[in-house]
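One structure below.
Just so we're clear, the structure is a prediction, and the values are computed from it rather than from any experiment. Residue numbers start from 1 in every chain, and the chains themselves are labelled A, B, ... in the order their sequence lines are given, proteins ahead of strands.
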Number of protein chains: 2
Amino acid sequence: MSERNGERAMGNLADRIERYLKEILEQAEEGYVVLQRGYLAEFFSCAPSQINYVLTTRFTAERGYKVESRRGGGGYLRIIRLGLDPDGKFQRLMAELIGDELTENRANNLIDRLAEEELFTKREAILFKSIFADRIFADCTSLCNQLRARMMKELLANMCRDDLEE
Amino acid sequence: MSERNGERAMGNLADRIERYLKEILEQAEEGYVVLQRGYLAEFFSCAPSQINYVLTTRFTAERGYKVESRRGGGGYLRIIRLGLDPDGKFQRLMAELIGDELTENRANNLIDRLAEEELFTKREAILFKSIFADRIFADCTSLCNQLRARMMKELLANMCRDDLEE
DNA sequence: AAAGTAAAGGTCAATAAAGGTCATAAGGTC
DNA sequence: GACCTTATGACCTTTATTGACCTTTACTTT
C-alpha cells in the first residue's frame, strides 16, 4: 500500500498520457509535436475522447500550451509549447490569464509555469503556492478568488522591480 | 494522555494510525509518503473519515507535517515531513501567530527581520511584503489580519520543507 | 461536378473512483 | 456530570473514463 520508491502516484491514465506527451514535446526541437488522436488512444488502449480530456485539462494556456487540430482524412493534433514572450511583456499575458478571479488550481498552474520558465525559483513556487491554498481563505470563500487574483497580479507587478536582485 | 510508566497506553485507533504513518514516514527517503485514504481505512478497518481526523489532529504544520491530496480517480494523500528547524524559531513564530492577527506593519517587520537573518532572500521579502499589503485585502477588512496571520504561518511552516532547496 | 464513403477529430452526458465535510454518537477524564 | 477526544456515517465535491453521437475533411465513383 504505502507505495514507496517515489512517484508511483501518477498511476492513472490521464497522468500517464500527460507525461508521455510532455516527454516527446521535450525532445521536439521546434517546440511542438504533431500526432494523431486515434493512434495515441490505441497506444494507451483507451477511448479517443480520453485524449481530449487530457488535452483540455493539462495542456491549457495557463500551463503554457496550445493545441491545434484538424479533422477529417489526414487529421491531426498539434501540441505547442508556448514560451513566454522574450520582450519581458509577460505581465500582460499573465494579467489576461489571471482575470479578476483565480482559483487555487489555476493559481498553481500559473505558478508552476512561471517556475518552469525560471521566473520563480522552485522554492518561491512552493512558498507562493502554499499561501494561495484554499485553506487559507476558509472564511471568505466568496472573495477568495478575487483576493488570489489580486495577490497574483501584485506578485507579477513586483517582478519587474529593479531592486529585486541581491 | 496519561502515559503510564513506560507502558504505552496508545490503544486507540487514532494513535495507532498516527504511529503507523510516522513509521513509514521515517523510512521514506524523500521525506514524504503517498497513499490512498481508502486503503488505509481498510487496513485499519475504520471509516475513511477517521483518516482525515488523524491527519488534521496529528499531522499539522505546528507538529511539523504537511498533507497534500488529490480527489477523483487516481486520487491520493501525500504526507510530508517538514524538516526540523534547529532552534524552533519557526515553530515559535508560528505559535505566536496562531489565533492571532497580523497587521500590515507587523507583517513587514517580521518579514524584514527574517530577511536580515537570511531566512528569506531579499527578493522574497519584497515579494511577500507586496502581497501582504492592506490594499490587497480591501474588501474583507475584518478578516484581513487573520488572513495575513494564516498566510504567514503557512509560509513559516513551509520554510522547513526538505524539498525547498533545489 | 455531385454524391457517396471513409477517415479523421469534437462534444457531451453518464458513470466510476477517489477524497472532504459535518453533525452526531460513543468513550475517556477529572 | 461536564468536558474533551475519538469514531462513524450520510452526503458532497472533484477528477477520471467511457461510449454514443456529431462535424469536418479527403478521397472515390459516376
(message) Heavy atoms only, 4.0 Å cut-off, all strands: where does B/Ile51 land among base, sugar-phosphate and nothing?
(response) nothing
(request) Take atom CD of A/Glu104 and atom P of D/dT15, then tell me their distance rounded to the nearest Å. (result) 10 Å
(message) Determine whether a donor-acceptor pair (one donor, one acceptor, N or O, separation below 3.5 Å) exists between the side chain of A/Arg71 and the base of D/dT23.
(response) yes
(request) Please tell me which of B/Leu77 and A/Tyr39 maps to the more 5' nucleotide of DNA chain C, matching each residue to the nucleotide holding its nearest heavy atom. (result) A/Tyr39
(message) Whether A/Arg37 contacts C/dT11 is assessed here as follows: a side-chain N or O lying under 4.0 Å from the phosphate OP1 or OP2. Is that the case?
(response) no
(message) Distance check needed: C/dG10 P versus A/Tyr76 OH, whole Å only.
(response) 11 Å
(request) Just compare C/dT11, D/dT6, D/dT15 and give me whichever is closest to any side-chain atom of A/Tyr53. (result) D/dT15
(request) Check the surroundings of atom CZ in B/Arg113: do more than 12 heavy atoms from other residues, nucleotides or ligands lie under 6.0 Å from it? (result) no
(request) Please say which of A/Glu30, A/Glu26, A/Glu117, A/Glu29 ends up in a salt bridge (charged side-chain N to carboxylate O under 4.0 Å, His left out) with A/Arg81. (result) A/Glu117
(message) Just the rounded figure in Å: distance from C1' of C/dG19 to CG of A/Asn12.
(response) 14 Å
(request) In plain terms, say whether A/Lys22 and A/Glu116 are close enough for a salt bridge, that is, a side-chain N and a carboxylate O under 4.0 Å apart. (result) no
(request) On DNA chain C, check which nucleotide each of A/Gly38 and B/Gly72 is closest to and give me the residue with the more 5' one. (result) A/Gly38
(request) Give one of base, sugar-phosphate or nothing for A/Arg135, where a contact means two heavy atoms less than 4.0 Å apart. (result) nothing
(message) Please report the distance, rounded to the nearest Å, between CG in A/Asn105 and C1' in D/dA16.
(response) 14 Å
(message) Which label fits A/Phe43 and A/Tyr20: parallel for a plane angle under 30°, tilted from 30 to 60°, or perpendicular past 60°?
(response) tilted
(request) Could you tell me the separation between the CD atom of A/Gln50 and the P atom of C/dT11, rounded to a whole number of Å? (result) 16 Å
(request) Using distance alone, with no hydrogens and no angle criterion, decide if A/Arg106 and A/Asn109 have a side-chain donor and acceptor under 3.5 Å apart. (result) no
(request) Rounded off to whole Å, could you give me the CD-to-P distance for the B/Gln36 and D/dT14 pair? (result) 19 Å
(message) On DNA chain D, compare the nucleotides closest to B/Gly73 and A/Ser49; which residue's is nearer the 5' end?
(response) B/Gly73
(request) Nearest whole angstrom, please: distance from the C1' of D/dG9 to the CG of B/Asn52. (result) 13 Å
(request) Provide, to the nearest angstrom, the distance between the CG atom belonging to B/Leu40 and the P atom belonging to D/dA7. (result) 13 Å
